[in-house]
Amino acid sequence: MTDSVAPSVPRAAGTRGRWWRAPLVSTLVSVLLLPVMRALRGFAEMATDPCYEPGSCPSTFAHLQVADVALVVAQVLILLQWPAAYLLRPARVLVSLAPAAAYLVVVGAVFSIPAGR
C-alpha cells in the first residue's frame, strides 16, 4: 500500500492560502458597526428640528443625504469584497478597508451638520 497525497494546487503568483482573512475581518467589523452607524444617522435626524419649512435647511439635509448614500455604499462594499478577495494582496486589503472608509464618511457627515441651517 502506498500513501497517496493529493497533489497541491498551484497558486497564482502573489496569492496566499489565507486569502479569506481580510474580507472576513472586514465583514465582521462592518456588520457589527452597521447598527451603530444607522443609530448615529437616526439621531442626526434631530438636527432637523428647527427646520419648519421644506427648503429652510438645505445644508442640514445635504449632510443627511451624504450619510445615507455612504451607508448604502458601505453595504454594497461589504458584499463586493468577497469576489475581490481573489485579487492580489494589496488590492484585497484596499477593498477590505473600503467599508471602514464609508463609515468614516458617515461619521464625518453626521458630526459636521450645521444645526438649523
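- Considering all non-hydrogen atoms of both residues, P23 and S96 come closest at N-OG, 3.6 Å.
- Under the 4.5 Å side-chain contact rule for hydrophobic residues, I113 and F61 share a cluster.
- For the pair V72/D68, no side-chain contact is recorded, criterion being any heavy-atom separation below 4.5 Å from C-beta on.
- Proximity of a side-chain donor or acceptor of S26 to a complementary backbone N or O of L97 within less than 3.5 Å is not detected.
- To the nearest 0.5 Å, atoms CD (Q81) and CG (L24) are separated by 9.0 Å.
- To the nearest 0.5 angstrom, M46 atom CE is 9.5 Å from T48 atom OG1.
- The same ILVMFWY cluster, assembled from side-chain heavy atoms under 4.5 Å apart, contains both V106 and I78.
- In terms of heavy atoms, H63 sits closest to A109 at ND1-O, 3.4 Å.
- The heavy-atom pair separating S112 from G108 by the smallest distance is OG-O, 2.7 Å.
- Contact between W20 and W82 at its shortest, heavy atoms only, is O-CH2, 4.1 Å.
- Counting heavy atoms from C-beta outward, P99 and Q75 have side chains that stay 4.5 Å or more apart.
- Rounding to the nearest 0.5 angstrom, the gap separating the OH atom in Y103 from the CG atom in L34 is 4.0 Å.
- Atom CG of L32 sits about 10.5 Å away from atom OG1 of T27, to the nearest 0.5 Å.
- To the nearest 0.5 Å, atoms CZ (F43) and CZ (R38) are separated by 14.5 Å.
- Residues L33 and F111 fall within the same hydrophobic cluster, defined by Ile, Leu, Val, Met, Phe, Trp and Tyr side chains chained together at heavy-atom separations under 4.5 Å.
- By the rule that hydrophobic residues join a cluster once side-chain heavy atoms approach within less than 4.5 Å of another member, L71 and V107 end up as members of one cluster.
- With a 4.5 Å cut-off on side-chain heavy atoms, M37 and V110 do not count as touching.
- Rounding to the nearest 0.5 Å places CG of L64 at 5.5 Å from CD of E45.
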